[in-house]
Amino acid sequence: MKAPVRVAVTGAAGQIAYSLIFRVAHGDMLGPDQPVILQLLEIPPAMGALNGVAMELNDCAYPLVAGIVATDDANVAFKDADYAFLVGARPRGPGMERSDLLEANAKIFSAQGKALNDHASPQVKVLVVGNPANTNALITLRNAPKLNPKNITAMMRLDHNRSMSQIAEKVGSHTTRVEKVVVWGNHSATQYPDISYATVDGQPVKEKVDNEWYENTFIPTVQQRGAAIIKARGASSAASAACAAVDHMRDWALGSKGKWVSMGVYSAGNPYGVDENLMFSFPITTENGEWKIVEGLAVSEFSRKMIAKTEAELVGEREAIANLL
Ligand code: NAI
């Protein structure tokens, strides 16, 4: 058995965490020979519920769980963390403007960025899930100057997986046969799910679907999938979000083996001309614990417009919290 690694999860009494923590504890993220110490963070009013989660974790008797810490102190939760899932965030309350929401979250993620900076392992891999995920990740990054900016990412994998599933269903195949899907930009309704390079069994998807379906059904379906789940389930996506978070961290840590994934990453030096100070989703491959943007792709006129739209939204979000950056 390897030495245990420390995995921090914030919002640990919430819906996503209720699936995520148990998947991590089971070994779905780092494999069946990697023990984990779970470091769970909540706000004080949710500590009772978090203790209930810790009791259930104990009752699972997971062979890989080498310790459980349940706390409302970010400095304790992030202490020596090797991996951090930042899931907890402030949801939009009644009468709250978008700018209020951005600002409330900016405060949470500034504090958590500082705590990561001061207490986590210098190599910690951070995945921001809590919305608005990309801008929350940018704030985290700005408040953690000791960390490599490449170690802070935002979750776009749910959008990526949703795109794969829509394509597989449309062409009558399986998601395992779909490759080279890209979701560009923000985790919001402006995201751009792009099938320009996608293949099914090595054949271009564009040859199997018509453009009308692509532009008027596929793109809006993926963009609006979160709202469709809320309408159907009466609650927001939780298990699929947890699944995406596990996929993101697993591929980052263990390698994507040549497959393309979508990750929100710091845009400095990106080869697609996107503003250099955003957390933006690009086509990515991962190897040896590092991600790399897939370079040299031809970007169509249509794609350029779609990318510009989601980029403009992220620039607007950044401007709304400029005083806190
Ligand atoms: P939830 O409301 O069930 O749980 C959130 C938990 O976070 C709550 O238990 C709350 O007490 C806790 N929390 C709030 N502020 C905190 C803080 N400062 N420190 C630690 N914990 C804190 O929400 P759910 O369904 O688990 O979703 C969590 C977040 O993930 C939401 O912001 C949601 O919008 C976002 N999300 C992101 C997705 C993505 O693809 N990036 C997909 C789905 C959800």
Side-chain angles (χ1 to χ4, degrees), residues 8-23 39-54 69-78 84-93 96 98 101-116 126-140 143 153-163 183 185-189 191 193 222-230 233-249 261-265 279-281 314:
V9 180
T10 78
Q15 292 303 309
I16 293 175
Y18 195 62
S19 176
L20 172 64
I21 298 167
F22 292 83
R23 297 269 323 262
Q39 306 192 157
L40 311 177
L41 181 69
E42 259 297 346
I43 50 176
M47 283 309 290
L50 179 58
N51 286 329
V53 172
V69 177
T71 178
D72 59 8
D73 181 346
N75 297 342
V76 173
F78 294 143
F85 292 95
L86 307 194
V87 182
R90 176 83 186 273
R92 186 180 286 203
M96 212 171 168
R98 188 169 167 75
L101 180 75
L102 282 160
E103 194 156 327
N105 278 295
K107 288 186 182 138
I108 293 174
F109 287 83
S110 315
Q112 295 193 350
K114 286 190 183 83
L116 281 163
V126 181
L127 171 58
V128 177
V129 176
N131 278 319
N134 301 54
T135 297
N136 289 343
L138 183 65
I139 302 213
T140 307
N143 284 280
T153 60
M155 190 162 98
M156 297 296 293
R157 186 61 176 265
L158 181 54
D159 311 291
H160 183 96
N161 288 351
R162 286 168 171 167
S163 302
V183 181
N186 196 6
H187 172 70
S188 75
Q191 66 180 258
V222 175
Q223 288 174 331
Q224 304 295 335
R225 187 69 163 179
I229 303 273
I230 292 175
R233 207 172 84 87
S236 68
S237 344
S240 55
C243 183
V246 168
D247 286 352
H248 176 119
M249 212 58 121
V261 294
S262 302
M263 287 169 67
V265 298
M279 296 300 295
F280 198 89
S281 182
L314 279 170

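Order of appearance sets the numbers: ligands from 1, and atoms from 1 within every ligand. This structure is a prediction, so every number in the text was calculated from the model and none was measured.
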Element-labelled atoms of ligand 1 that are located less than 4.0 Å from some non-hydrogen atom of [X]:
X: V87; answer: 28 (C), 29 (C), 30 (O)
X: Q112; answer: 17 (C), 18 (N), 19 (N)
X: G11; answer: 6 (C), 7 (O), 12 (C), 20 (C), 21 (N)
X: G88; answer: 7 (O), 13 (N), 22 (C)
X: M155; answer: 39 (C), 40 (O), 41 (N)
X: A241; answer: 42 (C), 43 (C)

Nearest to atom 14 (C) of ligand 1 by heavy atom, P44, A238, A89: which? A89
From the candidates I43, I16, L50, the one that places a heavy atom nearest atom 26 (O) of ligand 1: I16
Verdict with reasoning, I139 to I108, per side-chain contact (heavy atoms from CB on, under 4.5 Å): CA-CA 9 Å; I139 302 213; I108 293 174; over 6 Å; no
Is Y18 atom OH crowded by more than 12 heavy atoms from other residues, nucleotides or ligands, each under 6.0 Å away? no
Closest heavy-atom contact between [X] and [Y]?
X: L138; Y: M279; value: N-CG, 3.4 Å
X: G88; Y: T10; value: N-OG1, 3.0 Å
X: A189; Y: Q224; value: CB-NE2, 4.0 Å
X: H248; Y: M155; value: ND1-CA, 4.5 Å
X: E42; Y: G14; value: OE2-N, 3.8 Å
X: T140; Y: N136; value: OG1-O, 2.7 Å

May I ask you to identify the nearest protein heavy atom to [atom], giving residue, atom name and distance to one decimal place in Å?
atom: atom 4 (O) of ligand 1; answer: G14 CA, 3.2 Å
atom: atom 33 (C) of ligand 1; answer: N131 ND2, 3.7 Å
atom: atom 18 (N) of ligand 1; answer: I108 CG2, 3.4 Å

Once ring-ring contact (aromatic ring centres under 6.0 Å, His included) is applied, do any residues pair with F280, and if so which ones, sequence neighbours excluded? F282
Under 3.5 Å: N/O of [X] near N/O of ligand 1:
X: Q15; answer: yes
X: V129; answer: yes
X: T10; answer: no
X: H187; answer: yes

So does V183 get a backbone contact from the side chain of S262, meaning a donor-acceptor N/O pair under 3.5 Å? yes
Protein heavy-atom contact under 4.0 Å for atom 2 (O) of ligand 1? no
Out of the candidates N161, T153, D159, only one should pair with R157 under the side-chain hydrogen bond (donor to acceptor under 3.5 Å, both in side chains) rule; please name it. N161
Could you establish whether E42 and ligand 1 come within less than 4.0 Å of each other, counting only heavy atoms on the residue side? yes
With the threshold set at under 4.0 angstrom, would you say M156 reaches ligand 1 through any of its heavy atoms? no
